[in-house]
Amino acid sequence: MKLRLSLLLALMSVLLFGQNNLQINGINEAQFVYRTVPDSLNTYFRNSFGFNLGYRDFRFGMKFNSDLPRYSNQETELLGNLDANRLSVAWEELYAGYSKDAFSIHVGTTAETFGQGISFRSYEDLEFDEDHRLESFLLKYDNKLSFKAIYGAIESENYAGRYDLAYGSDIQYPVMEGLRLGASAMGYRNLGAFGHYSFRDVFATRAIFTHGNLDTYAEFALSKSYRLQGSDDSDGSAIYLNADYFWGDLSIGAAYKRYDDFSFRLQDLPLANYHSETLSDLLASGLDEEGWQLRAGYALMDDFYLSADYAEAWDQSGDLRMNDLHLAIDAYRGADFYQLSWSHIEKVDDLTRTWQKEYYPTLVTSFAVKGRPLTLTGEFKTVEKQQGQATSSHYEPMLQADFGIKKLSLSLGVSSWWQDFSGIMDSRYMPNIEAKYPLFEHTDLTLFAGKEAGGKVCRNGICRYVAPFEGLKAELSTRF
Amino acid sequence: MKIIVLTLILILTLSLLAADSMPDFRLPNMAGENVSLTSLLGEGPIIIDFWADYCQPCKVAMPYLQELLEKYEDLKVVLISIDAPRAQNRAKNYLRSRNYDFISLFDPERSLASRLNVSNPPHTFIIDQEGEIVYSHVGFEPGTEKVYEGYIRELLGIEDEPERSQKEHCGSCTDHNEEEER
C-alpha cells in the first residue's frame with residue numbers, strides 16, 4: 001500500500017508542475033439503500049469514487065468502492081446476519097497507460113476484445129453485475145496493421161484469492177480495399193474445483209468485407225481443451241457469419257452461428273437473434289447450438305421506419321429449439337416520437353419436456369403537453385409455460401410516465417404480475433417513483449421509492465441496469 | 001483512511017488546476033477505420049454523444065441532433081456507441097437505415113467512456129474547436145437540444161435570437177439533468 005501511495009504522490013507532484021497539459025475528471029457516487037424485504041440488515045451504504053488523469057501521452061485511473069456491506073443482486077443471497085466478508089473497502093479499478101502515435105501500453109484493469117469477442121473478451125457485464133475484466137499487461141499497435149498482445153489474470157471462480165490466466169495476441173490487416181483479415185491465438189489456464197489447472201487453447205481467423213452498401217463479417221475458431229480432470233481432451237469450434245446490405249430505403253441482413261463445445265469465461269458469443277436470447281435458460285451459450293437470423297428494415301417517407309427480425313436456433317440432437325421475433329414501427333411527427341413493437345420468444349426442451357413462450361407488445365411515445373415533454377412507455381407481456389402435462393400462464397403489464405417540472409425530473413412506473421384477468425385486483429403490483437434533481441452545477445440527487453423487477457430501465461432520460469429491489473434509495477452523484 | 005483523504009485532497013486540488021479538454025482518442029468508424037479527435041478539431045464546435053442501441057432516450061435525441069447538424073454548417077455531431085461487440089450490428093444498422101449525417105464511432109471497451117466517467121447513456125459533451133469541453137449533460141428529454149443550440153451559437157459567435165438565450169430562460173428544456181458550464 002505504501003508503494004502504491006508513493007507512486008500516486010510522485011505522479012501527482014509531477015503532474016502539478018505541468019498542469020497546463022493535465023486533464024482530470026472524476027465522479028463520486030454515494031448511495032444509501034433501505035430495503036423493505038426480509039433482511040436483517042435492511043440498510044446499506046455504498047460509495048464509489050473514481051478519477052482519471054491524463055498528462056500528455058500518459059493516463060492513469062482508479063476507482064475506489066466501499067460497500068458497507070455489499071448489496072447482492074440475488075434474492076437468495078440476502079443476508080441473515082452481518083457477514084464480515086461482505087464489508088468491502090478497496091480499489092477495484094486501477095490502471096496506467098501510455099499512448100504515442102499508433103502504440104499504446106496499458107497495465108492494470110483491462111477491457112479488451114479480439115474480433116467480435118468469440119475467441120476473447122475481457123469486460124464488465126453491467127447487465128448481470130459481473131466483472132470479467134483481466135488484470136493485465138496489454139500492448140497495442142493500431143495503424144494500418146492492428147496488433148494486440150495481452151497477458152493477464154482474473155480471480156478464479158472456484159478459489160478466492162487464486163487466479164485463472166489468459167494470454168494471447170491478435171492481428172488484423174487490410175489486404176485490399178474493403179477487405180480486412182484477422183487472426184487470434186489465446187491460451188487459457190483455469191483453476192478447477194480441486195485446485196487443478198485445465199488448459200484451453202483457442203485459434204480464430206476472421207474476414208471483414210465492407211464495400212459500398214455491403215457489410216460482411218465471418219469468423220471461424222477452433223479450441224482444444226486438455227489436462228482436464230476426470231475427462232478426456234476435447235475439441236471445440238465456432239462459426240459466425242453476418243451480412244448486411246443497404247439499398248436505398250431498404251436494408252436486409254442475415255446471420256448464421258454454429259458453436260460446438262466452445263464455451264468459456266472470457267468470451268462474449270454473438271447470439272444471432274434480436275433479443276440476445278440463449279438457446280436454453282439452463283445452459284451456457286456455446287456448448288452446442290446452431291442457428292440463423294434474417295432481418296429487414298424499410299424507411300417510409302422519412303417519417304416511418306418499419307423493421308422485422310426473425311431468428312431460429314437448435315442443438316445437434318434437435319431436443320433444444322428456440323425462435324425469436326421482433327417487429328417494430330417507428331414514427332416521427334415533428335418533435336414527437338412513437339414506437340410500436342412486438343416481441344416473441346419461444347423455447348422448447350424435449351428432454352425435460354418443457355416449453356416456454358413469451359410475447360409482448362410495447363408502445364413508447366414521446367410528445368409535448370403544454371410545451372412540456374412527456375414520455376409514456378407501456379408493455380404487456382404474456383408468458384406461457386408447459387412442463388410435462390402441467391401448463392401455466394401469466395401476464396406482466398408495465399406502464400411508465402416520465403416528465404419534468406422545471407429542473408425536477410420525475411418518473412412514475414407500475415408493473416404487475418397477473419395470473420389471470422379475474423384476479424387483477426388481488427395481484428401483486430410494483431409501483432415506483434424516481435425523482436432526479438440537479439442540486440448544484442455538477443451534483444445530482446436521485447431518489448427512488450417503491451418496487452421494481454430489475455433489469456434494464458430507462459428513467460428520466462437515462463438508461464441503466466438495476467437489480468430487483470423493494471425499498472428506498474437515495475443517490476448523490478458528483479462529477480468534477 | 002489518511003491515505004484516502006490525502007488522495008482526495010490532491011485530486012480535488014488538481015481538478016481545479018487541470019484543463020477541461022476532451023482526451024485524445026482513436027476509435028473505429030462504420031468502415032472500421034480509426035478516427036482521432038485531432039482529425040475532427042479545428043473547424044467548429046463538436047457535439048459528442050455517447051449512446052447505446054438499447055437506450056430509447058438516445059434514439060429520441062437523434063432527430064434533434066440531426067436538425068442541429070443541418071442548421072449549423074460548421075457543427076459536427078459525433079455519435080459514439082458503447083454497445084458490446086455482439087450488439088454493434090444492431091447499432092450500425094439503426095444508424096445506416098435512418099440516413100443520419102453523424103460521424104459514427106464505436107467504443108465497445110468503453111476506453112474513452114470510462115476516461116470521461118460515462119456510465120449511463122445518453123451522455124453528451126459539447127467541445128469547442130480546440131477540444132475544450134464547454135458543456136456536458138447526462139440524459140435527454142425533448143427541449144435539451146435548445147440548451148445545446150445555445151452553446152453552439154455561442155461557440156460560433158452567433159448572436160442570440162430574441163426567443164433564445166436558452167441557458168438563462170430554458171422554457172421547455174426544464175428537465176435537463178445536468179448542466180456543466182466550465
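Fair warning: this is a prediction, and the values are worked out from it, not measured in the lab. Proteins get letters first, then strands, A, B, ... in listed order; numbering begins at 1 in each.
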So what's closer than 4.5 Å to chain B heavy atoms on [X]: side chain, backbone, both or neither?
X: A/Gln339; value: side chain
X: A/Phe367; value: neither
X: A/Tyr465; value: side chain
X: A/Ser146; value: neither
X: A/Tyr338; value: neither
X: A/Leu269; value: backbone
X: A/Arg133; value: neither

Inset, instruction - Check whether any side-chain heavy atom of A/Phe337 sits under 4.5 Å from a side-chain heavy atom of B/Gln56, and report yes or no. - result: yes
Legend entry - Inter-chain contacts: residues 30-48 of chain B against chain A, heavy atoms under 4.5 Å: B/Ala31, B/Gly32, B/Asn34
Legend entry - Part of residues 105-119 of chain B lying next to chain A, heavy-atom separation under 4.5 Å: B/Pro108, B/Glu109, B/Arg110, B/Ser114, B/Arg115, B/Leu116, B/Asn117
Under 4.5 Å, counting heavy-atom pairs only, tell me which of [options] racks up the most with chain B.
options: A/Ser251, A/Gly50, A/Gly26; answer: A/Gly26
options: A/Asn213, A/Asp402, A/Thr375, A/Leu250; answer: A/Asn213
options: A/Thr377, A/Thr446, A/Asp330, A/Asp249; answer: A/Asp330

Inset, instruction - Show your reasoning for whether side chain to side chain contact (heavy atoms under 4.5 Å, CB included) applies to B/Arg86 and A/Tyr240. - result: CA-CA 11 Å; B/Arg86 69 177 178 182; A/Tyr240 176 70; over 6 Å; no
For the student: nearest non-hydrogen atoms of [X] and [Y], plus distance:
X: B/Tyr54; Y: A/Cys458; result: O-SG, 4.2 Å
X: A/Ser366; Y: B/Val60; result: OG-CG1, 4.1 Å
X: A/Asp101; Y: B/Arg26; result: O-CD, 4.2 Å

Inset, instruction - Determine, using ring centers only, whether B/Tyr94 and A/Tyr305 are less than 6.0 Å apart. - result: no
Nearest 0.5 Å, what's the [atom1]-[atom2] distance between [X] and [Y]?
X: A/Asp244; Y: B/Arg90; atom1: CG; atom2: CZ; answer: 12.5 Å
X: A/Ile462; Y: B/Cys58; atom1: CD1; atom2: SG; answer: 10.0 Å
X: A/Gln23; Y: B/Ile133; atom1: CD; atom2: CD1; answer: 8.0 Å
X: A/Thr113; Y: B/Gln88; atom1: OG1; atom2: CD; answer: 8.5 Å
X: B/Asn89; Y: A/Arg295; atom1: CG; atom2: CZ; answer: 5.5 Å

Inset, instruction - Mind running side chain to side chain contact (heavy atoms under 4.5 Å, CB included) on B/Arg96 and A/Asp215 for me, showing each step along the way? - result: CA-CA 11 Å; B/Arg96 289 190 67 156; A/Asp215 286 344; 2.9 Å; yes
Inset, instruction - Measure distances from B/Ala84 to the heavy atoms of chain A and classify the residue's part below 4.5 Å as side chain, backbone, both or neither. - result: both
